[in-house]
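Keep in mind that what you see is a predicted model, and the values were worked out from it rather than measured.
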Amino acid sequence: MLLAIIVVVLAKGGYVRVGPALTCTLFGFTLAATGLAPTINSALASLAGLVASF
């Protein structure tokens, strides 16, 4: 959810156009359906824990 918010803010701010933002979002959904999803989820959870500890 946090990454979705970041993409929306970047698109609204003009840093990323809508087309590339949608492409990245669709790629994320496609990647989530692969066997690599649990590894990515655990890495993001570790990163979020690291950021939250600051």
Hydrophobic cluster partners of V18 (side-chain heavy atoms under 4.5 Å): L22

I'd like a table of donor-acceptor pairs (distance under 3.5 Å, sequence neighbours excluded) in which one partner is a side-chain atom from residues 25-39, with atom names and distances.
residue: T25; atom: OG1; partner: A21; partner atom: O; Å: 2.8
residue: T30; atom: OG1; partner: L26; partner atom: O; Å: 2.9
residue: T34; atom: OG1; partner: L31; partner atom: O; Å: 2.7
residue: T34; atom: OG1; partner: L36; partner atom: N; Å: 3.3

Could you list the donor-acceptor pairs under 3.5 angstrom formed by side chains in residues 1-12, with sequence neighbours left out?
none

